Amino acid sequence: MERILTQSLDKIAKQLAETPENNGMCHIRRRGEPLPSQEKVKEIVSLCRALIFPGFFGDSGVTQQNMRYHAGLNLERLSMLLIDQIVAGKCIESPCCQPLDVDSLTKDAIPLCDTFIRQLPELRRVLMTDVDATYKADPAALSIEEVIYCYPSILATSAYRVAHLLHTLDVPVIPRMITELAHSETGIDIHPAATIGESFTIDHGTGIVIGATCIIGDNVKIFQGVTLGAKSFKLDENNNPIKGIPRHPIIGNNVVIYANATILGRIHIGDGAIIGGNLWVTEDVAPGEKIVQAPAKENR
């Protein structure tokens, strides 16, 4: 019986290794090139959070006295992982079956990593505006510390801001992996290519979707279930969606969007506008305008 099982396992292993569907995954280390790692990308996010919010994420034993020591250790580990994953992302970006110079890719990844590391203090400054805005906008929040520890919006927004910075450095694949990890953590789906201003507040958050070409101003608050999406896709001559064209909303400063509102297409929501819950919005909204559902008519 054991011999029969072993033969069966060997047969299935051979079929899985040779199946034609593998041609669609052409970067499976055919020449030993590195591939992105879900675990390493997850650790990159964890290290960034530990550096930005020391003690709240990572080692809870961080104090004012040993903070520089912990920061040094985390930065060293982050740099090593980030260079490795940038190279892996570049390998995925390359055409299938093209010989790769991993040493050259590593050399190119080092200044990208350096630029990213140098932006961490600014990343912390911006994220603290998100934390402060979230605290001030929620009467249930008892402290800044509670917001950092407990609010899924901070998990999602911190991952997005890390991913967006890598996206601006033209790092492929890794930014999307980061935001999808946050999506699975929180139910909040923010594409790394989206542009989001300071003092960004997400209330509750579950089910929020923010598309790739969305632009959001400063001091914007959105509630659970909000979609900032595309109304339709332009198709090429082969009936495939055309990539890269602006198709998501532009949200001005000081806008509030209430739960389950759906805002679609390349439309403008003006500064100070308020979008009520459960609305379907596909046309521009003027600055300061308030859009709500019409009251139900009484039965006569």
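Owing to the predicted nature of the structure, the values given are computational and were not obtained by experimental measurement.
- Among residues at least two apart or in separate chains, salt bridge (charged side-chain N to carboxylate O under 4.0 Å, His left out) pairs with a member in residues 129-140 are Asp130-Arg161, Asp132-Lys136.
- Thr134 has its side chain out of reach of Ile202: every pair of non-hydrogen atoms, C-beta onward, lies at least 4.5 Å apart.
- Listed by chain and residue number, nothing satisfies the salt bridge (Lys or Arg N to Asp or Glu O under 4.0 Å) test with Arg124 (two or more places apart in sequence, or in another chain).
- For Asn66 (side chain) and Tyr69 (main-chain N/O), no donor-acceptor pair under 3.5 Å exists by modelled atom type.
- Other residues, nucleotides and ligands place more than 12 heavy atoms under 6.0 Å from the CZ atom of Phe57.
- Within 6.0 Å of atom CZ in Phe56, more than 12 heavy atoms from other residues, nucleotides or ligands are found, so the atom counts as buried in its surroundings.
- The shortest distance between side-chain heavy atoms of Thr195 and Cys214 does not fall below 4.5 Å.
- Asn219 pairs with exactly one of Thr201, Thr129, Asn254 by the side chain to side chain donor-acceptor pair (under 3.5 Å) rule, that one being Asn254.
- Legend: residues meeting ring-ring contact (aromatic ring centres under 6.0 Å, His included) with Tyr135, ordered by chain and number and at least two apart, are absent.
- Using a 4.5 Å heavy-atom cutoff, the side chains of Ile267 and Ile250 are not in contact.
- Residue pairs meeting the salt bridge (charged side-chain N to carboxylate O under 4.0 Å, His left out) criterion with at least one partner in residues 211-223, sequence neighbours excluded, are Asp203-Lys221.
- Within the structure, every pair that satisfies the salt bridge (charged side-chain N to carboxylate O under 4.0 Å, His left out) test and touches residues 47-75, not counting sequence neighbours, is listed here: Arg49-Glu185.
- For residues 256-284, there are no salt bridge (charged side-chain N to carboxylate O under 4.0 Å, His left out) pairs, not counting sequence neighbours.
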